[in-house]
Amino acid sequence: MLARRLWSYCKGYVIIKVKGEAVEEFLNSLSRRGIHLWEVNRLSRNFLICKANMDQLPGLSEAASLFPIHVEIRHRVGLPSIGKRLWQRSTLIFGAVASLVCIYMLSSIIWVIQIRGVDPVEQALIKEILKTNGIEAGVPRSSIRPRELETQLMMELPQLAWVGVGARGILLAVEAACKTEIAQDEKTPGDIVAGKGALVTQIIPFVGQAVVTEGETVVPGQVLIDGSLAAEDMSQHSEIIPYSGEEPHYLRASGVVKGRVWYSGFGEAGVVTYNRYRTGETYKGYHVAVGPWNWVWGVSRSPFPLFEESRVTKPFYWKRLDIRLPVRMDIIEFHELIEEKIEIDLESAKETALLNAWRDIESRLGPRTEILSQETEVFTEEQGGNVLIRAKRVVEVHEDIGVFRPLQAQTRVGREEND
Amino acid sequence: MIKETKHRLLQGLTHTLDLPAEVMLDLPRTTLTGSSKILIENHKGILSYQPEHIRVLTAQGETVVRGKRLKIESLFATDVVITGVIHGIELVGLGV
């Protein structure tokens, strides 16, 4: 039944209205003529509606003329009638065809150029080269030769290791990767210098010559082990790679230099302290900015006397195409705070102040540090009705003080002149 | 007389050779599907069509379909399909 209906729809059919006294005779006449009728629906004694194939209309009207009835076509249904209606509306067809042509033409133009995989500097250089070759938004896709473009980019930008150019739809995607510089640290010549002011307790040079002795006081930046080869026997260091083929006079100095270093740190603590906690009460406000226009929803100012503000900014960023829209939304949240007064005894305050002084020192200590001695001083002072404890802590440690400093070109020239 | 003789002869032949009677003798064949659809093959025309009853002429008389909201679903030269709520089928004028 469905197949027959589909076939009728493709061929086209009519819904007819039959009015008159002899409808049964008319139906029999039609069936005898081989005219197929379906969905014959009698609505009243002299009136029925039925469907018939469009190509059988001539036979139908011929039969209708033989009976005292009135036949009227109510609707024409199916593909032929749709085609006819479309044909009569030529502007609509023209519009549809014009739209398709426009879509085709616009989709064959590059509208977006996407450069990925490199830094903004290289991106700008690639954009410049593309522009020089006449490739920018608005050029036809057919005018782009990806392989030639790849070769040109590789030739003009030697810092690139690989470039891939692909034109897909309206997008020209340029993917590139920069060459990775191999670290030359292991070969760079230089000296071991003092990282901190200290009293040298131990110096063992592996490469280079020690220029300070144990018991000597050094200042930050002072050379401890010299990388200059002038003082060294070249034959002892045959495995050492010289700075360059032309200048075999400098080595990468290495060794162990330990010294005594004094650190001082300060800390303070009040007998009365105030801690702030969130009560859990919050209010939210939304701030939407579109270009120069701003809208605010919700709360714009804190309704709490004591509060904490948190702000989350959400820019509208189309990551795939690297497009940042001039639209931004800020979500501002005000959290109510409550202040709690905490009183501690004098001894606890002193301990806290000393601990704070230690934390001040701890952040500056190097690895593998040995504490030799320490001195502490505590001062009490009254400030605005609150007793404030101030602590000073001086720590003497034994630690590595040597730091490698690469030999700069200028330093090298200066040294040669001195020599 | 000749027509009757021919009919009897065909009837005997159909019976003896076990041939389909609706083909050989042009007899109507009625197929009822549940109580909502009826197919009458080899009909000779619609005598009366009302939503409560439809009378269909056949070679042996007429077939009356009674029911509610009856509708001719499809009408061909030899076949008619009637749908609706069928209450009964009556065969009138059989034995011709």
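Quick note: numbers below take in every heavy atom, side chains included, and nothing from hydrogens, waters or symmetry partners. Lettering follows sequence order; numbering is per chain, from 1. No experiment lies behind these values; they were computed from the predicted model shown.
Close approach to chain A, defined as a heavy atom under 4.5 Å from one of its heavy atoms, is seen in Ser74(B), Leu75(B), Phe76(B), Ala77(B) of residues 74-82 of chain B, taken by number.
Only the backbone of Ile35(A) comes within less than 4.5 Å of a heavy atom of chain B; no side-chain atom from C-beta onward does. Using a 4.5 Å cut-off between heavy atoms, Leu70(B) makes no contact with chain A at all. Proximity to chain B (any heavy atom under 4.5 Å) is shown, for Arg33(A), by neither the backbone nor the side chain.
Nearest heavy atoms, Trp38(A) versus Asn53(A): CH2-OD1, 3.5 Å.
Look at Glu73(B) and Arg5(A) and you find a salt bridge, because one of the NZ, NE, NH1 or NH2 atoms lies within 4.0 Å of a carboxylate O, short of that distance.
Tyr283(A) contributes no side-chain N or O that, together with a main-chain N or O of Pro303(A), makes up a donor-acceptor pair within less than 3.5 Å. Formation of a donor-acceptor pair under 3.5 Å by the Ser29(A) side chain with backbone atoms of Glu25(A) is not found in this model.
Within the 4.5 Å cutoff, the side chain of Arg42(A) has no heavy atoms near those of the Leu27(A) side chain. For the pair Gln60(B)/Leu27(B), a side-chain contact is recorded, criterion being any heavy-atom separation below 4.5 Å from C-beta on.
Here CD of Gln50(B) is found 10.5 Å from CZ of Arg55(B). Values are rounded to the nearest 0.5 Å.
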